[in-house]
S.K.: 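Can you read through this structure? Questions will come right after.
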Amino acid sequence: MNILAIDTSCDETSVAVTNGRRVLSNVVYSQVLLHKKWGGVVPSIAKRAHEERIDFVIQKACKKFTDNIDVIAVTQGPGLAIALEVGIAKAKELSLQFKKPLIAVNHMEGHLYSSFVQNSKGNPKRDFAFPILGFLISGSHTELVLWKDHLDYEVIGETLDDAAGEALDKGARMLGLGYRAPVLETLARDVKNSDEFLFPRPMLRSDNLQFSFSGLKTSLLYLLQKMSDEEKAKKIKELASSYQEAVFDTLAFKLNKALKKTKCATVVAGGGVVVNQRFKSKMNTVVKENNAKIFFPPYKYLTGDNAAMIGVAAYYKALKKNFVKDFQKFERIPRLRL
Ligand code: ZN
């Protein structure tokens, strides 16, 4: 069963062809450069760019459409409403035109499956040993998910305000480093004292699995207000490093709590933040202490938004014949939950 999957949830136009867990092709057209000068993703620009590119991206992902596609899959949400609409309209059109069934996928479901996505040769081979603890960390989500079985999820922890990735992005911006967080990691790499500024670790005392990052952001702001430009420039690496340490320590603390609570033996991490090596090493430590194991997405493109993970999640829905029945009622759900 070959699935053509489309994801236009945010600022990447992505189309993939998958077969089971194997990815036959995955094309991502990133809009990062279009949004860069605005300091964030502009929905109307995203919509237009998706519309302009989607046919081209589909064509690149699958050359002979009619021959080899059995099912169409598309992200229904969460994401930017007017960006999601572009993918959904195209998916409906293809489904009707070629008389193929349509499957709706939750974008976060895709991120959960991203650690089980395989290359075209079927590697890596990883087992689904349910229950699995899912840890989703991106620019718009921070969620702990008890993944009980295929398509059976329970969100057991989430953020009360900013997502971890958003907190990192905003920190980078406050430090005058642009709109995306990876720059923090680069700066932090060769710092002697990685935690010189000892920012507060939010929510550690609360006995639940909720996150909150707004207080941390405020403490960075207050600190920067007290520093001269000269001091800031001199200490930019230490500031970047201390800030990301506070974010990651909080994530590690809650992951530890969730592992104790759920007793899951396997963790999967997904979302843009998991590409950060410092994050990975902190999570590895926690998981080891709990005699569990952790899977990260096996290939770097799977950490960002991509249609391959949507196609793989759709496969498990196809096995259960979980198809869209009513095209009239099938619409984007920008705040779709797991
Ligand atoms: Zn995403």
Side-chain angles (χ1 to χ4, degrees), residues 10-11 30-42 135-142 158-206 210-257 269 271-286 300 303-304:
C10 188
D11 60 346
S30 171
Q31 304 175 1
V32 171
L33 293 174
L34 294 178
H35 299 288
K36 200 173 174 185
K37 67 172 172 184
W38 305 103
V41 178
V42 183
F135 202 8
L136 303 174
I137 314 108
S138 71
S140 45
H141 287 82
T142 305
E158 61 195 319
T159 183
L160 304 174
D161 41 58
D162 290 351
E166 197 179 356
L168 291 167
D169 286 344
K170 285 180 180 167
R173 213 177 304 163
M174 278 191 257
L175 292 167
L177 300 169
Y179 111 89
R180 291 224 163 166
V183 64
L184 295 179
E185 180 180 21
T186 313
L187 281 172
R189 214 163 273 157
D190 54 339
V191 163
K192 275 206 191 73
N193 180 1
S194 65
D195 204 8
E196 183 173 328
F197 289 97
L198 287 169
F199 289 112
R201 270 57 171 162
M203 305 291 285
L204 294 201
R205 254 171 292 165
S206 62
Q210 309 304 105
F211 301 86
S212 166
F213 293 102
S214 63
L216 172 61
K217 226 171 44 194
T218 312
S219 51
L220 173 63
L221 184 70
Y222 286 162
L223 178 70
L224 291 176
Q225 282 170 351
K226 280 187 269 169
M227 292 173 84
S228 69
D229 287 347
E230 205 175 36
E231 279 174 302
K232 278 183 227 168
K234 209 174 130 207
K235 286 286 180 189
I236 191 73
K237 288 183 177 177
E238 285 78 5
L239 285 163
S241 175
S242 301
Y243 187 78
Q244 88 164 6
E245 287 295 300
V247 173
F248 295 158
D249 278 352
T250 307
L251 295 174
F253 181 87
K254 296 287 179 171
L255 176 63
N256 183 46
K257 224 176 187 82
V273 176
V274 310
V275 79
N276 184 302
Q277 293 300 324
R278 184 72 183 147
F279 166 81
K280 274 189 173 171
S281 91
K282 281 191 189 271
M283 298 311 123
N284 273 321
T285 307
V286 169
K300 196 181 167 196
T303 58

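Note that the numbering runs from 1 along the sequence shown for the chain.
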S.K.: Who pairs with Lys282 by side chain to side chain donor-acceptor pair (under 3.5 Å), at least two apart in sequence or on another chain?
M.R.: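 Result, side chain to side chain donor-acceptor pair (under 3.5 Å) vs Lys282: Glu245, Asp249.
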
S.K.: Out of curiosity, Tyr222 OH to Lys226 NZ, how far, rounded to the nearest 0.5 Å?
M.R.: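 Here the rounded value is 10.0 Å.
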
S.K.: Give the intermediate values and the outcome of side chain to side chain contact (heavy atoms under 4.5 Å, CB included) for residues Leu251 and Phe135.
M.R.: CA-CA 9 Å; Leu251 295 174; Phe135 202 8; 3.9 Å; yes

S.K.: Any idea which heavy atoms bring Val273 and Phe279 closest together, and the distance?
M.R.: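 Looks like O-CD2, 4.1 Å.
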
S.K.: Of all heavy-atom pairs between Pro200 and Ala246, which one has the smallest distance, and what is that distance?
M.R.: O-CB, 4.0 Å

S.K.: Output the distance between atom OG1 (Thr218) and atom CG (Leu223), rounded to the nearest 0.5 Å.
M.R.: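 It is 12.5 Å, given to the nearest 0.5 Å.
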
S.K.: Which distance, rounded to the nearest 0.5 Å, do you find between the NZ of Lys254 and the CD of Glu158?
M.R.: 12.5 Å

S.K.: Measuring only between side-chain heavy atoms, which start at C-beta, is Leu136 closer than 4.5 Å to Val274?
M.R.: no

S.K.: Who are the salt bridge (charged side-chain N to carboxylate O under 4.0 Å, His left out) partners of Glu196, not counting sequence neighbours?
M.R.: Lys235

S.K.: Can you tell me how far OG of Ser241 sits from CD of Glu185, rounded to the nearest 0.5 angstrom?
M.R.: 10.5 Å

S.K.: Donor-acceptor pair, Asn256 side chain versus Ala252 backbone, under 3.5 Å?
M.R.: no

S.K.: State, to 0.1 Å, how close Met283 and Phe248 come at their nearest heavy-atom pair, and which atoms those are.
M.R.: CE-O, 3.7 Å

S.K.: What residues, two or more places apart in sequence or in another chain, satisfy side chain to side chain donor-acceptor pair (under 3.5 Å) together with Glu238?
M.R.: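 Partners of Glu238 under the side chain to side chain donor-acceptor pair (under 3.5 Å) test: none.
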
S.K.: Are Leu221 and Met174 close enough that some pair of their side-chain heavy atoms sits under 4.5 Å apart?
M.R.: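 Side chain of Leu221 against side chain of Met174, heavy atoms only: contact under 4.5 Å found.
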
S.K.: Are there over 12 heavy-atom neighbours, none belonging to Glu230, within less than 6.0 Å of that residue's CD?
M.R.: no

S.K.: Is there a side-chain contact between Lys217 and Asp162 (heavy atoms, below 4.5 Å)?
M.R.: yes

S.K.: Go through the steps for Gln210 and Thr159 under the test side chain to side chain contact (heavy atoms under 4.5 Å, CB included), then give the verdict.
M.R.: CA-CA 6 Å; Gln210 309 304 105; Thr159 183; over 6 Å; no

S.K.: List the residues meeting salt bridge (charged side-chain N to carboxylate O under 4.0 Å, His left out) with Lys232, not counting sequence neighbours, and say none if there are none.
M.R.: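 For Lys232, the residues satisfying salt bridge (charged side-chain N to carboxylate O under 4.0 Å, His left out) (neighbours in sequence not counted) are Asp229.
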
S.K.: Please name all residues satisfying side chain to side chain donor-acceptor pair (under 3.5 Å) with Ser281, sequence neighbours left out, ordered by chain then number.
M.R.: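 With neighbours one apart ignored, the set is empty.
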
S.K.: Side chains of Val42 and Asp11: closer than 4.5 Å at any heavy-atom pair?
M.R.: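 Val42 does not reach Asp11 side chain to side chain.
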
S.K.: Is the shortest side-chain heavy-atom distance between Pro182 and Asn276 below 4.5 Å?
M.R.: no

S.K.: Answer yes or no: is there a side-chain heavy-atom contact under 4.5 Å between Leu239 and Met227?
M.R.: yes

S.K.: Taking all non-hydrogen atoms of both residues into account, name the closest pair between Ala164 and Ile137 and its distance.
M.R.: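 Minimum heavy-atom separation between Ala164 and Ile137: CB-CG2, 3.6 Å.
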
S.K.: What is the distance from atom CZ of Arg189 to atom CG of Leu184, rounded to the nearest 0.5 Å?
M.R.: 11.5 Å

S.K.: Which heavy atom in His141 sits nearest to a heavy atom in Ala163, and how many Å separate them?
M.R.: N-CB, 3.4 Å

S.K.: Of all residues at least two apart in sequence or in a different chain, which pass the side chain to side chain donor-acceptor pair (under 3.5 Å) check with Asp161?
M.R.: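 Asp161 satisfies side chain to side chain donor-acceptor pair (under 3.5 Å) with Ser212, Ser214 once adjacent residues are dropped.
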
S.K.: Taking C-beta and beyond as the side chain, do Leu177 and Leu187 meet within less than 4.5 Å on heavy atoms?
M.R.: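 Counting from C-beta outward, Leu177 and Leu187 do come under 4.5 Å.
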
S.K.: Of the non-hydrogen atoms in Phe211 and Thr250, which two are nearest, and what is the gap between them?
M.R.: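 Looks like CE2-O, 4.3 Å.
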
